[in-house]
There are 2 protein chains.
Amino acid sequence: MKEIIPNISVDCLVFGFDFDRLHILLKKRELINENGEKIISDYTLAGNHLLKGETADDAAYRVLYNITGFDNIYLEQFFCFSKTNRLKNEKDQIWVRHLNLDIADHVFSIGYFSLVDKSKLVLDEEHKNAEWFPIEDLPPLGFDHAEIIEKGIECLRKKFKQEPIGFELLPEKFTLTQLQKLYEAVLGTTYDRRNFRKKIMQLKYIIPLDEKQQGVPHKPAQVFIFSREVYEKTKKEKLVFA
Amino acid sequence: MKEIIPNISVDCLVFGFDFDRLHILLKKRELINENGEKIISDYTLAGNHLLKGETADDAAYRVLYNITGFDNIYLEQFFCFSKTNRLKNEKDQIWVRHLNLDIADHVFSIGYFSLVDKSKLVLDEEHKNAEWFPIEDLPPLGFDHAEIIEKGIECLRKKFKQEPIGFELLPEKFTLTQLQKLYEAVLGTTYDRRNFRKKIMQLKYIIPLDEKQQGVPHKPAQVFIFSREVYEKTKKEKLVFA
DNA sequence: ACAAAAGTGTTCATTATACACCCATGT
DNA sequence: ACATGGGTGTATAATGAACACTTTTGT
């Protein structure tokens, strides 16, 4: 096992979308003392200290692989958190001592956010302490993770308005209504359906397939894919949802 | 003297504007060997390792105070640089050994950018190894500072389009032509004068004074100030220069 | 009088917004 | 047949882009 860097960690916000609300993946943190009392019962972000020789990106990919089983996840660094009291709540201190972690008194954490296709992610035995929560309805959080999440969501929204990264949260094939609901969920607004579709359909990198939804109890919707290739070639047309 | 954190530093991009081009403040780095040969002659960003007990922001403000003599500078963290070979060029190794710095093999640097009113900053004796360079015409740079600058400029531009931070680069009182030149210099475009002024003059937080330029050999321009107070109150109207 | 930058309005094109009805499918 | 979401067009308002001449000052 490689040596850790005691004073630098990464924390990863993993976002997922259930076609209704934006969710974030959290890990359960639980500690029960000798008397069977729950000392700690809350959630934290997926995170870990850097290992010697790793870049921050390396560590973030490693953390994401451990919690999701995916590599090649969309990943973006957004902020380095450096408050001196980041880990100094009583519960966090107990937790750190309990795990016998050889970490520094002052730990700097580099925040990342990542986007996954929630429908592909199977939270099996191996990852069973991970749970999805809608971002408007988060459980109690350890460390400074509430603050990290707040800042991360803000950065996600900024990025969302500037570049078409939403497709990372959808299955490869999606309908325009799903796309619209995604933008509404992330940006916390609503759009008129006709106007939204007009805007989207003039983007050449969102390509209609010769294919329809199956087995829905209403008129089946046309299915689209996102072409990163076309996007890179026609970048001028900006997708701005303000 | 306080103990340093050997593996974490901050590097600060200090931007200034001379009413023509955007400039960045760099520190000369020079090393001459016993034979009088220049071993190293290049420039670096203002930067320093964190001291124990400091946040990254603390360290950045300290570095800025040391190079500019100002506190209360506009400051923004933009990225944490973590490549394992950041300081491993031959010159950088020589430099580190020469200064006898007690720093780690792998140093993580948190990048900040800051905006100052260049006309107020006096590069006196104390700061005489600092020099301004136009961003399109930078000298040879040490460490990975070329990369840090590139990313920092990109982040500055993004921020510039979203919030009215440009005033930090101007004197308190400015003309609309100065403001226009600033936007053109930072964003690398040009604007039609009439359209630019129309756009600006509908922003309530850019306030005309009952005052004109003095001593210019042409029609003197009206003088404006930026009101952060009014801006915060009327934030909806976004200043978007795309 | 001349050089230099300040100041100013209109037209046209593009983009954003508001809004209502019929359609295809599963049950 | 009914419930559900899919699909579509037009009119109006707001915004952005292009463009040229007169004014005020210092020298």
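In this text, all values refer to a predicted model and were calculated from it rather than measured experimentally. Naming: A, B, ... by sequence-line order, numbering from 1 per chain.
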Atom pairs under 3.5 Å, N or O on each side, protein against nucleotides 22-26 of chain D: can you list them with distances?
unit_1 : atom_1 : unit_2   : atom_2 : d
D:dT24 : O2     : B:Lys219 : N      : 2.6
D:dT25 : O2     : B:Pro217 : O      : 3.2
D:dT25 : O2     : B:His218 : N      : 3.2

- Message: Would you say CD of A:Glu150 has more than 12 non-hydrogen atoms from neighbouring residues, nucleotides or ligands within 6.0 angstrom?
- Response: no
- Query: Is the count of non-hydrogen atoms from other residues, nucleotides or ligands lying under 6.0 Å from B:Lys28 atom NZ greater than 12?
  - Reply: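 Result for NZ/B:Lys28: enclosed.
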- Short side-chain N/O contact from B:Arg194 to OP1 or OP2 of C:dG9, under 4.0 Å: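 Checking C:dG9 against B:Arg194, no side-chain N or O comes under 4.0 Å of OP1 or OP2.
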- Query: So, is A:Arg193 near the phosphate of D:dG7, with a side-chain N or O under 4.0 Å from OP1 or OP2?
  - Reply: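 Looking at the OP1 and OP2 atoms of D:dG7, neither is under 4.0 Å from any side-chain N or O of A:Arg193.
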Whole-Å distance between [N] [atom2] and [X] [atom1]?
| X | N | atom1 | atom2 | value |
| --- | --- | --- | --- | --- |
| B:Arg197 | D:dA20 | CZ | P | 18 Å |
| B:Ile200 | C:dT8 | CD1 | P | 14 Å |
| B:Gln222 | C:dA5 | CD | P | 19 Å |
| B:Tyr191 | D:dA18 | OH | P | 13 Å |
| A:Gln214 | D:dG5 | CD | C1' | 16 Å |

- Message: I want to check a possible cation-pi pair here: A:Lys118 against A:Phe17, using under 6.0 Å from ring centre and within 45° of the ring axis as the test.
- Response: no
- Please tell me which of the listed nucleotides, C:dA6, D:dA17, C:dA18, lies nearest to the side chain of B:Lys198? D:dA17
- Query: At under 4.0 Å between heavy atoms, what does A:Thr177 touch on the DNA or RNA strands: base, sugar-phosphate, or nothing?
  - Reply: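 Sugar-phosphate contact only.
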- Query: When you measure from the side chain of A:Asp58 to the backbone N and O of A:Thr55, does any donor-acceptor pair fall under 3.5 Å?
  - Reply: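 Confirmed, A:Asp58 side chain pairs with A:Thr55 backbone.
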- Message: Quick one: does any side-chain atom of A:Gln162 pair with a main-chain N or O of A:Lys159 as donor and acceptor, under 3.5 Å?
- Response: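 Looks like no, no N/O pair under 3.5 Å.
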- Query: Could you give the distance from CG (B:Leu25) to CD1 (B:Ile67), rounded to the nearest 0.5 Å?
  - Reply: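 Going from the CG atom of B:Leu25 to the CD1 atom of B:Ile67 covers 4.5 Å.
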